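Everything below concerns the one structure shown next.
Each ligand, and each atom within it, is numbered from 1 in the order the structure gives. Only a predicted model underlies this, so the values are computations on that prediction, with no experimental measurement involved.
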Amino acid sequence: MAAEQSKKWILMVTAQTPTNIAVIKYWGKRDENLILAINDSISVTLDPAHLCTTTTVAVSPSFQQDRMWLNKKEISLDGARYQNCLREIRARANDYEDEKKGIKISKNDWQNLHVHIDSYNNFPTAAGLASSAAGFACLVFSLAKLMNVQEDNGRLSAIARQGSGSACRSLFGGFVKWVMGKEEDGSDSIAVPLADEKHWDELVIIIAVVSSRQKETSSTSGMRETVVTSALIDHRAKEVVPKRIIQMEEAIQNRDFPTFAQLTCSDSNQFHAVCMDTSPPIFYMNDTSHRVISCVEKWNRAEGTPQVAYTFDAGPNAVLIARNRKAATLMLQRLLFHFPPNSDTDLDSYVIGDKSILKDAG
Ligand code: DP6
C-alpha cells in the first residue's frame with residue numbers, strides 16, 4: 001500500500017453541522033436496522049453558532065483501530081449505527097493524493113486504514129435537543145470529505161439516516177423534508193431541501209432550555225414502544241401526517257406564518273399525545289413545558305394572529321419559532337416575566353438563533 005510508505009503522516013478534516021428541529025415529527029420506524037420511518041417529516045435547520053456538532057476525523061497508518069471521543073470522553077464504535085455509517089462511507093471512498101505531503105491513498109487502502117473521530121456538541125447531549133441529528137450528520141459529512149467520497153448531500157443523507165433518522169435532515173440548511181421512501185433497501189429514504197435558509201429569514205428561533213438533564217426514555221426506544229402499543233400511531237402516520245406534509249410545504253413556500261404555526265403546534269401536541277398513548281406512557285414534557293405552551297397559546301389568541309409557534313421533541317425543552325425579531329423580543333420578555341430567573345420556575349437558559357445552513361469547515 002502506497003499509504004504505508006511512511007507511518008508519520010496524518011490526514012485530518014473538520015466539519016461543523018447544526019442540529020435540526022422537526023415541525024412535522026418523525027416518530028416510528030418500519031425498519032429498525034436501516035432506520036426507515038413510518039411517515040415523512042419536515043424540519044428547520046438551526047444556526048450552527050448556537051447548536052451544532054464539530055467533528056474532526058483523522059486517518060493515519062499509525063492508528064491501530066477506529067476510535068471515537070464524544071465531548072472529550074472515549075465512546076465505543078461497536079454499535080450497529082456507527083458500524084453502518086463507517087462501512088457505507090468506506091464503500092464509497094476514492095483515491096486521494098497529496099504530492100507535497102507524500103500521501104497517496106488508493107480506493108482500497110481505505111478499507112484497512114483506521115480513523116480517529118473527535119466530536120463535540122456545544123449544547124446538552126441527549127436532552128431532547130436533537131444531538132444525535134447533528135452528531136451523525138457531521139460524522140458522515142466529515143468522513144465523506146476525508147475519504148474523498150463524491151456523492152451529493154442527498155445520497156450522504158441516506159447514510160446519516162442509518163446513524164439516526166433525524167440526522168439525514170441536517171445535511172441541508174433551511175427547511176428540509178425527509179421522504180420516508182418505499183424501497184425495502186432504503187435507497188429512496190433521503191432528505192430533500194424544500195427552501196434554503198434565505199427563503200424565510202424573518203423567522204427567529206428561541207430555545208428555552210427547561211432542563212439540560214438527559215432524558216429518561218431515548219427517542220429510539222420511545223418510538224419502538226409507541227409503534228408496538230399505541231392505538232393512535234397508525235392513524236397519525238397514515239391519515240394525519242400525509243395531509244400535514246402537503247399543507248406545511250405550501251405554508252413554507254408562501255411564508256404563511258398562521259398556517260405554519262398552527263401545523264407546527266398541532267403536530268408537536270399530537271406527537272406528545274401518541275407518547276401518552278404508549279404503554280407504559282412516555283412523558284417528555286414537564287409542568288414547565290406545559291406552562292410555556294399556555295403562555296404562547298394565550299398570547300397568540302390575544303394578538304388575534306399567531307406570533308410564535310412552539311414545538312417540543314423528546315424532552316421538556318421548548319423550541320419557539322417567532323414570526324419576526326419583534327415577536328421574538330416580546331416572547332423573551334414574556335418568558336422572563338413568567339419564569340423569572342432564580343425563581344422556582346426559572347429556565348436553565350435561552351438560546352436564540354436564526355435558521356442556517358450546513359457549514360463545511362473542512
Ligand atoms: C422527536 O432521530 O433521535 O426528535 O432514528 O432512533 O435515532 P433514531 O431517533 P431520532 O428521533 C427523533 C425524534 C424527534 C422527531 C424528529 O426529529 O423528527
Exercise. Got an N/O contact under 3.5 Å between Tyr26 and ligand 1?
Worked result: yes

For this session: Mark up the atoms of ligand 1 that fall under 4.0 Å of a heavy atom belonging to Arg81, in ascending order.
Result: 6 (O), 7 (O), 8 (P)

Seminar exercise, completed: The atoms of ligand 1 lying under 4.0 Å from a heavy atom of Arg169, numbered in the order shown, are 16 (C), 17 (O), 18 (O)

For this session: Considering the heavy atoms of Lys29, write down every atom of ligand 1 situated less than 4.0 Å from one of them.
Result: 5 (O), 6 (O), 8 (P)

For this session: For the pair Ser266 and Asn269, evaluate side chain to side chain donor-acceptor pair (under 3.5 Å) and give the outcome as yes or no after the intermediate values.
Result: CA-CA 5 Å; Ser266 301; Asn269 292 335; 5.8 Å; no

For this session: For the pair Arg161 (side chain) and Ser189 (backbone), establish whether a donor and an acceptor sit closer than 3.5 Å, ignoring hydrogens and angles.
Result: yes

For this session: Check step by step if salt bridge (charged side-chain N to carboxylate O under 4.0 Å, His left out) holds for Arg236 and Asp267.
Result: CA-CA 10 Å; Arg236 165 175 166 74; Asp267 203 69; 2.9 Å; yes

Problem set entry | Residue Ser132 vicinity, atoms of ligand 1 by number, heavy atom under 4.0 Å | 3 (O)

Exercise. Going by heavy atoms, is Phe271 under 4.0 Å from ligand 1?
Worked result: yes

Problem set entry | Donor on one side chain, acceptor on other, Ser187 and Asp185, under 3.5 Å | yes

For this session: Under 4.0 Å, heavy atoms only, figure out whether ligand 1 is touched by the backbone of Ile35, its side chain, both or neither.
Result: side chain

For this session: May I ask you to say whether Asp66 pairs ionically with Arg90, meaning some side-chain N is under 4.0 Å from a carboxylate O?
Result: yes

Exercise. Where does Ser164 meet ligand 1, judged by heavy-atom distances below 4.0 Å: at the side chain, the backbone, both, or neither?
Worked result: both

